[in-house]
Engineer: 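Dumping the structure here so I can ask a few things about it.
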2 protein chains.
Amino acid sequence: MATTAEKGEQVRHRLRRAAVELIAERGWRAVTTRAVAERAGVGQGLVHYHFTSVEALLREAALGLMRAVVEQAAEPMDRAAGADEGMRLLLGALDAHTGTDPASLVFLETYLAAGRDAALGGEVRGIVVAFRERTTRWLERCGTAEPERTAAVLAAAVDGLLLHRGLDPSLTGGSARPVLERLLGGRR
Amino acid sequence: MATTAEKGEQVRHRLRRAAVELIAERGWRAVTTRAVAERAGVGQGLVHYHFTSVEALLREAALGLMRAVVEQAAEPMDRAAGADEGMRLLLGALDAHTGTDPASLVFLETYLAAGRDAALGGEVRGIVVAFRERTTRWLERCGTAEPERTAAVLAAAVDGLLLHRGLDPSLTGGSARPVLERLLGGRR
DNA sequence: GTTCGCCTTGGGCACCCGCCCAATAACGAG
DNA sequence: CTCGTTATTGGGCGGGTGCCCAAGGCGAAC
C-alpha cells in the first residue's frame with residue numbers, strides 16, 4: 001500500500017487530470033469544483049484542500065500538460081539531423097493530436113485564458129517562446145534563412161492547423177507537409 | 001425620430017455589439033444576460049425578449065462579426081492581380097487585428113465554442129470553408145502548386161498568427177510576410 | 001493502545017445564473 | 001382621442017457556483 005504522502009500526490013494527480021478533461025469538454029470558465037471532484041472520484045471539499053482555488057488548479061493542470069506536450073514534440077526535434085527529418089518529426093507530433101483531443105483543446109483554451117490573466121499569460125508566453133527558440137536553433141542548423149521569423153510562423157501555423165483541424169479533421173499535418181516544407185525553402 | 005421597428009433593430013444591434021465585447025473580455029461561457037444588458041444600456045429582461053436565449057444571442061453576434069470580418073479580408077483578395085498584391089492585402093487585413101481586439105478574440109473563442117455545439121460548428125465550418133475556397137481560387141490565378149492545400153495552410157497560419165500575437169504583439173503579419181511568401185513559391 | 005496530525009467529507013453560506021412573467025410604458029392605426 | 005399591439009422593466013424562482021468549516025477517519029509515531 002502507498003504511504004500517506006504518496007496518496008496525497010496521487011489525489012492531486014487525479015484532480016489535475018480531471019481538470020484537463022473538463023477544460024477540453026466544457027471550456028476553461030465552465031470547469032467547476034464539483035465536476036472536477038466527481039470525475040476524480042473524491043469529495044468536493046478536497047479541491048480547496050489541495051489547491052488554493054479552482055483557478056490555481058486549472059493553471060497547474062494546464063501548464064503541466066502544455067510543458068509535457070511541448071517537451072514531447074521538441075525533444076526529438078533537437079536531435080534532428082536535417083530539415084527533412086525535423087519536419088517529419090514535427091508533423092508526426094502534430095498528427096498525434098486530432099484538434100479535438102484534450103491536449104489540443106487545453107492548449108487552445110489556455111492561450112485564450114492567458115489573455116484574461118496576466119500571471120497565466122506570463123507562464124504561457126514563456127512556454128511558447130522557449131519552443132520558438134528551440135525551433136530557431138534547429139532551423140539555424142538547417143541553414144534556413146531568417147530562422148527566427150520562420151520559427152515564429154511555423155509555431156503559429158502548427159497551432160493554427162490544430163485550431164482548424166478541430167473543425168475539419170481532413171486537415172492533417174501529413175497533408176499539410178508539402179506546403180509547410182516550402183517555409184524552409186529559403187536559404188541564406 | 002426613428003420608427004418603432006427601427007428602434008427594435010437598434011436595440012438588437014446594441015445587444016449584439018455588447019455580446020461581442022463581452023465574449024472577447026470574459027470568454028464565451030462567461031457572458032451573462034445581466035452583463036450584456038447593462039453594457040447595451042437596457043433592462044435585463046430585454047435579452048430574452050429579442051433573443052430566444054443567451055446562447056442564441058452569442059451565436060448571432062459572433063457569426064455576424066465573423067462573416068463581416070471575413071468579407072472585409074476576402075473581398076479585396078478576390079480582385080488581387082497577382083500573388084504579391086494578394087499577399088499584401090491579406091497581411092494588411094491581418095495587421096488590422098492585434099490578437100487582443102474583440103474581433104480577433106471572438107474568432108478564436110467561437111472556434112472553440114463550435115467544438116461544443118454541433119449547430120454552431122456547422123455555421124463556423126461553412127465560414128472557414130468558404131474563405132478557404134476563395135483563397136484557393138486566388139492561388140489558382142497565381143499559378144501556385146497545390147492551391148487547395150496551400151490555402152488550407154495559409155488560412156490556418158493566419159489564425160495561428162492571430163492566436164500567438166495575443167501573447168506576443170511583436171509577431172505581426174508584416175514581420176511574417178517574407179516567410180509566408182515562401183508558401184506561395186511552389187509553381188506547378 | 002494512545003495520541004497526534006494529515007486527509008477527507010458533505011453541508012452551509014452568500015452570491016450569481018438563465019429564464020419567466022406580471023405590470024407598465026410607448027407608439028401607431030382607426 | 002381610444003384602443004390594441006409592441007417594447008421594456010425589474011422582481012422572483014429554482015438551481016448552480018466558489019469557498020468555508022465543523023466533524024470525523026485513519027495511518028504513523030511512540
Engineer: Measure CZ/Arg29(A) against C1'/dG18(C) and give the value in whole Å, please.
Structural biologist: 17 Å

Engineer: Have Arg26(B) and Thr32(B) got a donor and an acceptor in their side chains that come within less than 3.5 Å?
Structural biologist: no

Engineer: Nearest 0.5 Å, what's the NE2-CZ distance between His50(B) and Arg16(B)?
Structural biologist: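 One gets 10.0 Å once the value is rounded to the nearest 0.5 Å.
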
Engineer: What's the CD-C1' distance between Glu38(A) and dG16(D), to the nearest Å?
Structural biologist: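 So the two atoms are 14 Å apart, to the nearest Å.
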
Engineer: Of Tyr49(B) and Val54(A), whose closest DNA chain D nucleotide lies nearer the 5' terminus?
Structural biologist: Tyr49(B)

Engineer: With respect to the phosphate group of dC20(D), does any side-chain polar atom (N or O) of His48(A) fall under 4.0 Å of OP1 or OP2?
Structural biologist: no

Engineer: Between atom CH2 of Trp28(A) and atom CD of Glu109(B), what is the distance when rounded to the nearest 0.5 Å?
Structural biologist: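 Here the interatomic distance stands at 12.5 Å.
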
Engineer: Using whole Å, report how far CZ of Arg14(A) lies from C1' of dC7(C).
Structural biologist: 13 Å

Engineer: Any N or O donor-acceptor pair under 3.5 Å from the base of dC19(C) to the side chain of Gln44(B)?
Structural biologist: yes

Engineer: Does Arg125(A) pair with Asp168(B) as a salt bridge, N-O distance under 4.0 Å?
Structural biologist: no

Engineer: Nearest to the side chain of Thr32(B) - dC19(D), dT8(D), dG18(C)?
Structural biologist: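 Selected nucleotide: dG18(C).
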
Engineer: Please report, rounded to the nearest Å, how far the P atom of dC19(C) is from the NE2 atom of His50(B).
Structural biologist: 16 Å

Engineer: Using atom CG of Leu57(B) as one end and atom C1' of dG18(C) as the other, report the distance to the nearest whole Å.
Structural biologist: 13 Å

Engineer: Begin with the C-alpha distance, continue with both residues' side-chain angles, and end with the deciding distance and a verdict on ring-ring contact (aromatic ring centres under 6.0 Å, His included) for His164(B) and Tyr111(A).
Structural biologist: CA-CA 8 Å; His164(B) 280 215; Tyr111(A) 280 147; 5.5 Å; yes

Engineer: Can you check whether any acceptor in the base of dG18(D) is under 3.5 Å from a donor in the side chain of Arg34(A), or vice versa?
Structural biologist: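 Answer yes: a donor N or O sits under 3.5 Å from an acceptor.
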
Engineer: Glu9(B) CD to dT6(D) P: how many Å, rounded?
Structural biologist: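 My rounded result for the distance is 17 Å.
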
Engineer: Using the side-chain heavy atoms of Leu46(B), tell me which of these nucleotides is nearest: dC17(C), dT8(C), dT9(D).
Structural biologist: dT9(D)

Engineer: Would you mind classifying the nucleic acid contact of Val36(B) as base, sugar-phosphate or nothing, using non-hydrogen atoms under 4.0 angstrom?
Structural biologist: nothing

Engineer: What contact category does Val47(A) fall into here, base, sugar-phosphate, or nothing, at under 4.0 angstrom with non-hydrogen atoms?
Structural biologist: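 Since no nucleic acid heavy atom lies under 4.0 Å of Val47(A), the category is nothing.
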
